Each structure stands twice: as structure tokens, then as C-alpha cells.
Amino acid sequence: MEKIIETSALTYAYRAGSSKEVRALQNINMAVHKGEILAITGQNGSGKSTLARHFNGLLTPTSGRVLVNGLSTDDRNNIGEIRKKVGMVFQNPDNQLVSSIVEEDIAFGPENLGLPQSEIIERVDWALHILNLEELRKETPHNLSAGQKQQVAIAGVLAMKPECIILDEPTAHLDPRGRREVLESSLRLNREEGITLVLLTHFMNEVIHCSRMLIMDSGTVKVEGSPREVFLQGDEQIEKLKQMGLDYPVASRLAAGLNREGFNLPSDIIHHEEFIASLCQLTS
Ligand SMILES: Nc1ncnc2c1ncn2[C@@H]1O[C@H](COP(=O)(O)OP(=O)(O)OP(=O)(O)O)[C@@H](O)[C@H]1O
Ligand SMILES: [Mg+2]
């Protein structure tokens with residue numbers, strides 16, 4: 001499997017060497033594979049954002065190494081190339097919008113790449129189209145809902161034509177509808193444009209749509225697997241996730257509850273649709 005990002009023995013400390021040193025990441029060996037959607041979850045302070053900030057060189061390792069398409073983030077000469085490949089979307093859309101008109105905002109990144117005007121226009125049109133934002137192109141960002149703003153922020157990153165987009169809790173500040181829209185747009189970027197996604201999230205109903213997941217705990221990767229593997233029913237596994245502050249997805253919990261009452265539903269249910277389908281089979 002082709003790796004876009006690879007960390008080896010990645011360790012990171014904030015204020016390294018001082019009396020206020022915070023060891024945020026310890027000996028992390030992981031990779032992001034081309035074309036996948038990787039979820040990274042774990043409780044507050046487990047190190048998700050610190051790890052993600054290594055993926056495009058916003059932070060560089062205290063020790064160990066991070067490679068993006070084979071280029072080390074430690075070498076400042078690589079950073080321009082790396083940032084073209086790996087884009088980043090943060091929690092708060094208000095902090096990411098720089099212009100007073102949506103289309104200008106989306107043009108900001110490509111303009112900084114020094115592209116010809118015709119190419120910039122093409123990319124802005126393309127990003128607006130992919131994210132279904134065409135109607136908002138002349139709007140002022142502060143008139144938009146938080147969910148729409150976040151989609152504009154994603155469009156701005158998309159217009160840089162990255163291979164990989166890192167989304168650091170992009171739905172944390174959104175209402176349920178905004179959350180659904182941003183999740184759906186993100187999944188579409190992967191499905192239709194083949195963009196590799198890394199999604200940092202606390203929401204298990206987002207994790208279940210990803211191809212693979214990591215759970216972080218105290219600066220290390222504690223669990224890795226597909227959501228179906230990770231959320232397989234079993235007392236031991238439930239206890240393990242609980243200790244890391246994680247709940248099972250709703251459908252898994254419902255199925256487990258019924259199975260404890262003597263039903264015989266599959267033990268790897270994670271999606272609502274699967275749960276409903278297996279209930280219907282029982283009753284038919
Ligand atoms: N700028 C900073 N200076 C010092 N310590 C920091 C800084 N940013 C994060 N930390 C610490 O590093 C550790 C990892 O934090 P990080 O923000 O990566 O966790 P997280 O999993 O993203 O948390 P959250 O779910 O709250 O976003 C925590 O102990 C945190 O307090
Ligand atoms: Mg974070």
C-alpha cells in the first residue's frame with residue numbers, strides 16, 4: 001500500500017528541555033495510506049492535534065522522523081512541497097477565512113502558489129462545484145452558517161489541489177445539520193476525487209464512515225484497525241475502549257443490548273442501516 005505520510009519513532013515534547021516540558025507524543029510509528037480515510041480519535045489531550053500538525057510540518061519531531069511522499073518534514077527546504085501535498089482544516093472556521101467574499105477566500109491559497117489567473121479561476125470554480133457552494137460564491141463569509149463557513153474553508157484547501165487533507169475536528173463547533181453536511185462533503189472528496197483524508201474526531205458516528213481508525217491515549221497509538229474490527233462486541237474490548245474514554249457507536253450499542261437480552265444479531269454492526277436491516281430479518 002502506498003504511503004503518503006509515514007512517522008517513525010516520532011516523539012514530540014512542547015517546550016522540550018525546559019522545566020515546563022510536556023511530552024505530547026511518544027514513539028509513534030504510523031502511516032497514512034494513499035486513498036484511505038483515516039480516523040484519529042481519543043480523549044482530550046491524547047495527542048491527536050499534535051500528531052496531525054506533524055503531517056504538514058507545522059510541528060517537527062523532537063526525535064524520530066516524519067516523511068511526506070518520502071520528503072522529511074525536518075528539512076525546511078521540503079516544506080513548500082509538503083504543504084502543496086497536505087492541506088489542513090481546523091476546528092474553528094472563523095479563524096481560517098481571510099477574505100470578505102467567498103470566491104476570493106477560496107482563491108487565496110492558489111494565488112499564494114503564484115498560479116496564472118486563468119488557473120486560479122478554474123480551481124475556484126472546481127472547488128465551488130465539488131462542494132456544492134456555487135450559490136454562495138459572492139456571499140460574505142460572516143453571513144454564512146458555521147457549517148457553510150467550514151465548507152468554504154475546506155474549498156480553500158481543496159483549491160490547492162492537495163493529495164491529502166487533514167481535518168482537525170472540523171465539526172466540533174457545528175450544529176447537527178452542519179456536522180452532517182461537512183462530513184458528507186468530506187467523504188465525497190475522498191469518494192469522487194480520490195483525496196486521502198485524515199479525520200480527527202470525537203464523534204463515533206463520524207469514525208464509522210472511515211476506512212481505518214487509530215485511537216490515541218497519552219501520546220501513543222493504542223488501537224489500530226477498521227472501525228468494524230475495533231467496535232466488535234465483546235466485554236474485554238468494550239472495557240478497553242471505555243478506559244480510553246470512548247463509547248461504541250449507537251448501532252453497536254443497540255445491537256449489543258439486544259444480544260444481551262438473548263437476540264442473535266451480528267456482533268460487528270456499526271451502521272444504523274445494518275442494525276435496522278438485521279432487525280427486519282428477525283421480525284420477518
Ligand atoms: N501549545 C502547547 N503548549 C504546551 N502543551 C501543549 C500545547 N498544545 C498541546 N499541549 C499538550 O499536549 C498534549 C496533547 O495535546 P493535543 O492538543 O495534541 O491533544 P488532542 O488529542 O488534540 O486534544 P483535544 O481533543 O482536546 O483537541 C496535552 O497534554 C496538551 O495539554
Ligand atoms: Mg485537538
Side-chain angles (χ1 to χ4, degrees), residues 5-32 37-66 68 73-74 79 82 86-96 146-147 149-150 153-154 157 164-176 178-179 182-183 186 197-210 212-225 227 230-231 240-249:
I5 299 167
E6 187 172 16
T7 76
S8 38
L10 164 60
T11 293
Y12 183 79
Y14 290 97
R15 299 186 289 250
S18 82
S19 59
K20 290 181 179 165
E21 179 172 293
V22 180
R23 293 193 135 243
L25 299 178
Q26 297 186 48
N27 193 29
I28 295 199
N29 298 290
M30 56 79 68
V32 179
I37 310 180
L38 176 67
I40 302 182
T41 188
Q43 50 199 338
N44 294 114
S46 56
K48 302 180 294 294
S49 297
T50 307
L51 177 60
R53 279 160 201 238
H54 279 82
F55 294 163
N56 74 345
L58 283 175
L59 294 176
T60 50
T62 304
S63 68
R65 203 168 62 154
V66 178
V68 178
T73 59
D74 249 340
I79 291 297
I82 286 171
V86 180
M88 190 85 103
V89 176
F90 298 96
Q91 258 181 43
N92 191 340
D94 286 318
N95 297 342
Q96 301 170 75
K149 283 184 202 170
Q150 192 59 292
I154 295 173
V157 172
C164 175
I165 300 182
I166 317 291
L167 302 132
D168 187 348
E169 300 197 42
T171 66
H173 290 298
L174 309 183
D175 60 16
R179 242 180 253 157
V182 167
L183 178 69
S186 307
L197 296 183
V198 178
L199 175 65
L200 279 57
T201 181
H202 283 285
F203 298 114
M204 295 309 122
N205 64 342
E206 296 182 357
V207 170
I208 56 174
H209 295 288
C210 298
R212 203 159 63 90
M213 64 184 286
L214 304 180
I215 304 178
M216 296 197 65
D217 188 45
S218 309
T220 62
V221 174
K222 277 281 159 63
V223 175
E224 181 193 342
V230 172
F231 296 124
K240 184 171 163 190
L241 295 203
K242 200 162 142 198
Q243 281 179 2
M244 292 186 287
L246 295 189
D247 244 338
Y248 271 53

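Everything numeric here is computed off the predicted structure, so don't read it as measured data. Whatever order the structure lists them in is the order used to number ligands and atoms, beginning at 1.
Among all non-hydrogen protein atoms, the one lying nearest atom 28 (C) of ligand 1 is Gly45 O, 3.6 Å. At the top of the distance list for atom 9 (C) of ligand 1, counting protein heavy atoms only, stands Tyr14 CE1, 3.4 Å. Protein heavy atom at the shortest distance from atom 17 (O) of ligand 1 is Ser49 CB, 4.0 Å. Atom 27 (O) of ligand 1 has as its closest protein heavy atom Glu169 OE2, 3.4 Å. Ranking protein heavy atoms by distance to atom 15 (O) of ligand 1, first place goes to Thr50 OG1, 3.8 Å. Ranking the protein heavy atoms by distance from atom 26 (O) of ligand 1 puts Asn44 ND2, 2.9 Å first.
For Ala24, no nitrogen or oxygen atom sits less than 3.5 Å from a nitrogen or oxygen atom of ligand 1, counting backbone and side chain alike. Taking distance alone, with nitrogen or oxygen atoms compared against 3.5 Å, Lys48 approaches ligand 1 more closely than that limit. For the pair Gly47 and ligand 1, the shortest N or O to N or O distance falls below 3.5 Å.
For the Mg ion (ligand 2), the set of nearby N, O or S atoms under 2.8 Å includes none belonging to Thr50.
A salt bridge does not link Lys48 to Asp168: none of the charged nitrogens lies less than 4.0 Å from a carboxylate oxygen.
Put simply, atom 30 (C) of ligand 1 has no protein non-hydrogen atoms near it, under 4.0 Å away.
In this structure, Gln43 has a heavy atom closer than 4.0 Å to ligand 1.
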